[in-house]
Amino acid sequence: MTVDQEVVPEHEQAEPVSTATVVGYAIFGVVLAGWFLFIWLVVQKGFVDSVGEVAGIGFGLLLLVAIVGSVRRNRR
């Protein structure tokens, strides 16, 4: 039995993720969870409305991160 492996050239390998990036994502996650609890428990919107609002904000932040990453990668 053989396993075929594709060799990825050095210039195409993914760069390691920095500690600051991981901390930033963790902070965004905590802020989104806090915002969900605030909207659900304090403002007393429905559960589904709260999840939808937080999901929209989260997807928007991911889109922003993707755009910034693309711009930074194209500048190199």
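Just so we're clear, the structure is a prediction, and the values are computed from it rather than from any experiment.
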>> Looking at S50 and G46, would you say the former's side chain and the latter's main chain have a donor-acceptor pair under 3.5 Å?
In response: yes
> Does V51 share a hydrophobic cluster with L61, counting links as ILVMFWY side-chain heavy atoms below 4.5 Å and allowing steps through other members?
Replying inline: yes
> Are V22 and V65 connected in a single hydrophobic cluster, I mean Ile/Leu/Val/Met/Phe/Trp/Tyr linked by side-chain heavy atoms less than 4.5 Å apart?
Replying inline: no
Please list every donor-acceptor pair under 3.5 Å in which a side-chain atom of residues 67-75 meets a protein atom from a residue at least two apart or in another chain.
| from | atom 1 | to | atom 2 | distance (Å) |
| --- | --- | --- | --- | --- |
| S70 | OG | A66 | O | 3.0 |
| N74 | ND2 | S70 | O | 3.3 |

Sequence neighbours left out, cut at 3.5 Å: what donor-acceptor pairs do the side chains of residues 24-41 make with other protein atoms?
| from | atom 1 | to | atom 2 | distance (Å) |
| --- | --- | --- | --- | --- |
| W35 | NE1 | E53 | OE2 | 3.1 |

> Cluster question for you: counting only ILVMFWY and a side-chain heavy-atom cut-off of under 4.5 Å, with indirect links fine, are V54 and L63 together?
Replying inline: no
